[in-house]
**Student:** 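I'd like to ask some things about the structure below.
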Protein chains: 2
Amino acid sequence: MFGIGDLSRATEVKVPTIRYYEEIGLLPAPVRTASNRRRYPPEAVQRLRFIRHARELGFDISAIRDLLSLKTDDGPSCHQADAIARAHLEQIDRRIERLSALRDEIGQMLADCASRACDDQCRVLEVLSDHGHCRHREH
Amino acid sequence: MFGIGDLSRATEVKVPTIRYYEEIGLLPAPVRTASNRRRYPPEAVQRLRFIRHARELGFDISAIRDLLSLKTDDGPSCHQADAIARAHLEQIDRRIERLSALRDEIGQMLADCASRACDDQCRVLEVLSDHGHCRHREH
DNA sequence: GCTATAATCTCTAGTCACTAGAGCATCAAG
DNA sequence: CTTGATGCTCTAGTGACTAGAGATTATAGC
């Protein structure tokens with residue numbers, strides 16, 4: 001049986017975060033000692049590691065909730081888990097694309113600025129002022 | 001002179017967001033009509049477009065505040081603007097790298113799952129449970 | 001047994017950048 | 001003159017925590 005601090009060290013999830021997860025029902029409320037302290041069973045480490053790892057991979061809490069419910073369900077849950085992960089992968093791809101576009105634009109902006117020796121007006125501020133300079137096309 | 005709706009249409013920034021920007025001091029409080037409605041001068045369009053464009057590029061509000069103060073300052077502000085943009089660029093690069101690592105890991109996870117025909121245990125859930133399967137190295 | 005310090009508890013409020021909604025006043029068009 | 005759009009203020013909600021106050025309890029050294 002673990003105290004909350006032990007659980008925190010074992011999973012590298014901060015203590016207040018563990019309590020928060022309990023509050024939102026992501027982690028089941030554990031038993032308490034006579035002095036009202038949380039005592040966790042070993043399974044809590046597994047579950048919390050799962051949560052942490054999924055969070056690190058960028059899954060949001062509701063997706064993790066879905067994944068956790070698939071875990072406890074028995075039966076053919078793999079396709080659902082697969083679908084969730086796949087949707088998430090697509091989201092990541094979109095984020096990467098978008099960030100790359102931003103990267104290019106800011107890079108271009110900086111290059112323009114450098115080439116003009118920055119004498120009169122600042123190119124960075126100019127570009128930001130005028131959306132017409134912008135090269136990305138979405139929304 | 002514009003009403004808030006006109007300003008919203010001209011800049012594609014939503015009305016409540018404009019009011020929010022005023023509240024946090026990003027956009028100066030405009031004059032009001034006798035009936036208490038906001039009336040914006042043409043310069044507001046410029047400023048709000050600047051803000052919107054910078055937000056789209058992922059600058060956070062405090063960075064935009066810095067950039068705006070550079071704009072109104074006269075004198076050699078280009079190097080500072082450049083430094084802000086450059087720091088931002090580095091941040092974006094780091095985000096892209098991190099996302100790419102996540103992408104690879106999730107992609108690998110899905111590939112593993114597909115190759116195993118998903119009969120017994122789901123690979124996706126397994127990988128998420130066990131951080132040891134993880135291939136990214138930071139933090 | 002005593003004391004110091006570390007860990008734990010609950011509760012509230014703050015973060016960021018908005019978004020949503022209530023409930024009211026006012027404006028422009030037909 | 002009525003209708004519907006637009007505007008106003010104010011409060012609260014979002015997501016995923018984080019920070020702090022103030023109280024209690026556990027542990028280690030003496």
Side-chain angles (χ1 to χ4, degrees), chain A residues 1-40 44 47-68 88 91-92 95 98 102 139, chain B residues 1-40 44 47-68 88 91-92 95 98 102 139:
Chain A
M1 284 301 220
F2 301 86
I4 197 168
D6 305 318
L7 183 60
S8 172
R9 273 180 293 277
T11 59
E12 293 176 86
V13 175
K14 288 182 202 147
V15 169
T17 305
I18 295 174
R19 287 196 276 248
Y20 168 73
Y21 286 160
E22 180 183 325
E23 193 187 308
I24 63 170
L26 203 58
L27 206 59
V31 294
R32 302 283 185 125
T33 65
S35 62
N36 200 32
R37 308 198 157 192
R38 293 169 176 84
R39 295 273 105 186
Y40 293 94
R47 189 178 176 98
L48 194 48
R49 275 208 186 121
F50 180 96
I51 294 168
R52 182 191 141 222
H53 195 183
R55 284 292 301 134
E56 267 168 13
L57 288 172
F59 289 88
D60 60 21
I61 300 269
S62 73
I64 294 174
R65 236 185 267 272
D66 292 346
L67 289 167
L68 281 167
H88 185 56
Q91 251 187 13
I92 289 175
R95 281 220 291 262
R98 195 157 153 57
L102 298 186
H139 62 264
Chain B
M1 283 301 218
F2 301 87
I4 197 169
D6 305 318
L7 182 61
S8 172
R9 274 180 293 277
T11 58
E12 294 175 83
V13 175
K14 288 183 202 148
V15 169
T17 305
I18 296 173
R19 287 197 276 248
Y20 168 72
Y21 285 160
E22 180 182 326
E23 195 187 306
I24 62 169
L26 203 57
L27 206 58
V31 293
R32 302 284 184 124
T33 65
S35 62
N36 200 32
R37 305 196 159 194
R38 293 168 175 84
R39 297 273 104 186
Y40 292 94
R47 190 178 175 100
L48 194 48
R49 277 209 186 120
F50 179 97
I51 294 168
R52 183 192 140 221
H53 195 184
R55 284 292 299 133
E56 267 168 13
L57 289 171
F59 290 89
D60 61 21
I61 300 270
S62 73
I64 294 175
R65 236 185 267 271
D66 292 346
L67 288 167
L68 281 167
H88 185 57
Q91 250 187 13
I92 289 174
R95 282 219 293 260
R98 195 157 154 57
L102 297 185
H139 63 262

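Keep in mind that this is a model prediction, so the values were computed, not measured. Naming convention: chains lettered A, B, ... in sequence-line order (proteins, then strands); numbering from 1 in each chain.
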**Student:** Quick check on DNA chain D: between B:E23 and A:D60, whose nearest nucleotide comes earlier from the 5' end?
**Tutor:**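 On the 5' side of the pair lies B:E23.
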**Student:** Is there a donor-acceptor pair closer than 3.5 Å between any side-chain N or O of A:R52 and the backbone N or O of A:E56?
**Tutor:**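 Not confirmed, A:R52 side chain does not pair with A:E56 backbone.
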**Student:** Can a side chain N or O of A:T17 be found less than 4.0 Å away from OP1 or OP2 on D:dT18?
**Tutor:**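 So the side-chain polar atoms of A:T17 do come within 4.0 Å of the phosphate oxygens OP1 or OP2 of D:dT18, strictly under.
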**Student:** Could you state the atom-to-atom distance from CZ of A:R55 to P of D:dG15 in whole Å?
**Tutor:**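 One finds 12 Å between P of D:dG15 and CZ of A:R55, rounded.
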**Student:** Measure the CZ-CG distance between A:R47 and A:L26 for me, rounded to the nearest 0.5 Å.
**Tutor:**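 The CG atom of A:L26 is 6.5 Å from CZ of A:R47, to the nearest 0.5 Å.
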**Student:** Within this structure, what is the CD1-to-C1' distance between B:I64 and C:dA17, rounded to whole angstrom?
**Tutor:**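 Result: 10 Å.
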**Student:** Taking atom OG1 of A:T33 and atom CE of A:M1, what is their separation to the nearest 0.5 Å?
**Tutor:**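 These two atoms lie 10.5 Å from each other.
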**Student:** What integer distance in Å separates A:L26:CG from D:dG15:C1'?
**Tutor:**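 In whole Å, D:dG15 C1' and A:L26 CG are 13 Å from each other.
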**Student:** Is there a side-chain contact between B:Y20 and the phosphate of C:dC16, meaning an N or O under 4.0 Å from OP1 or OP2?
**Tutor:**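 No.
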**Student:** Within this structure, what is the CD1-CZ distance for the pair A:I64 and A:F59, rounded to the nearest 0.5 Å?
**Tutor:**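 Nearest 0.5 Å value for the CD1-CZ distance: 8.0 Å.
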**Student:** Below 4.0 angstrom, N of the basic side chain to O of the carboxylate: do B:R38 and B:E22 qualify?
**Tutor:**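 So B:R38 pairs with B:E22 through a salt bridge.
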**Student:** Rounding to an integer number of Å, can you tell me how far A:I24 CD1 sits from D:dT14 C1'?
**Tutor:**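 After rounding, the gap between these two atoms is 13 Å.
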**Student:** Please state how far atom CD1 in A:I18 lies from atom P in D:dT18, giving the value in whole angstrom units.
**Tutor:**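 Roughly 11 Å, once rounded to whole Å.
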**Student:** Tell me: CD of B:E56 to P of C:dA17, nearest whole Å?
**Tutor:**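 The answer, rounded to whole Å, is 15 Å.
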**Student:** How many Å lie between NZ on B:K14 and C1' on C:dA20, as a whole number?
**Tutor:**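 So the NZ-C1' distance, B:K14 to C:dA20, works out to 11 Å.
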**Student:** Does A:T11 use its side chain to pair, donor to acceptor, with the backbone of A:L48 at less than 3.5 Å?
**Tutor:**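 Absent.
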**Student:** Polar atoms only, N or O, under 3.5 Å: list the protein pairs with nucleotides 6-10 of chain D and their distances.
**Tutor:**
residue : atom : partner : partner atom : Å
D:dT6   : O2   : B:R37   : NH2          : 3.4
D:dG7   : OP1  : B:G5    : N            : 2.7
D:dG7   : O4'  : B:R37   : NH1          : 3.4
D:dC8   : OP1  : B:R38   : N            : 2.9
D:dC8   : OP1  : B:R38   : NH1          : 3.0
D:dC8   : OP2  : B:R19   : NH1          : 2.4
D:dC8   : OP2  : B:R38   : NH1          : 3.4
D:dC8   : O5'  : B:R38   : NH1          : 3.4
D:dC8   : O3'  : B:R32   : NH1          : 3.4
D:dT9   : OP1  : B:R32   : NH1          : 3.2
D:dT9   : OP1  : B:R32   : NH2          : 3.1
D:dT9   : OP2  : B:R38   : NH1          : 3.1
D:dT9   : OP2  : B:R38   : NH2          : 2.9

**Student:** Quick one: do A:E23 and A:R19 make a salt bridge, cutoff under 4.0 Å?
**Tutor:**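 No, A:E23 and A:R19 are not salt-bridged.
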**Student:** Could you state the atom-to-atom distance from CZ of A:F59 to C1' of D:dC17 in whole Å?
**Tutor:**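 The answer, rounded to whole Å, is 20 Å.
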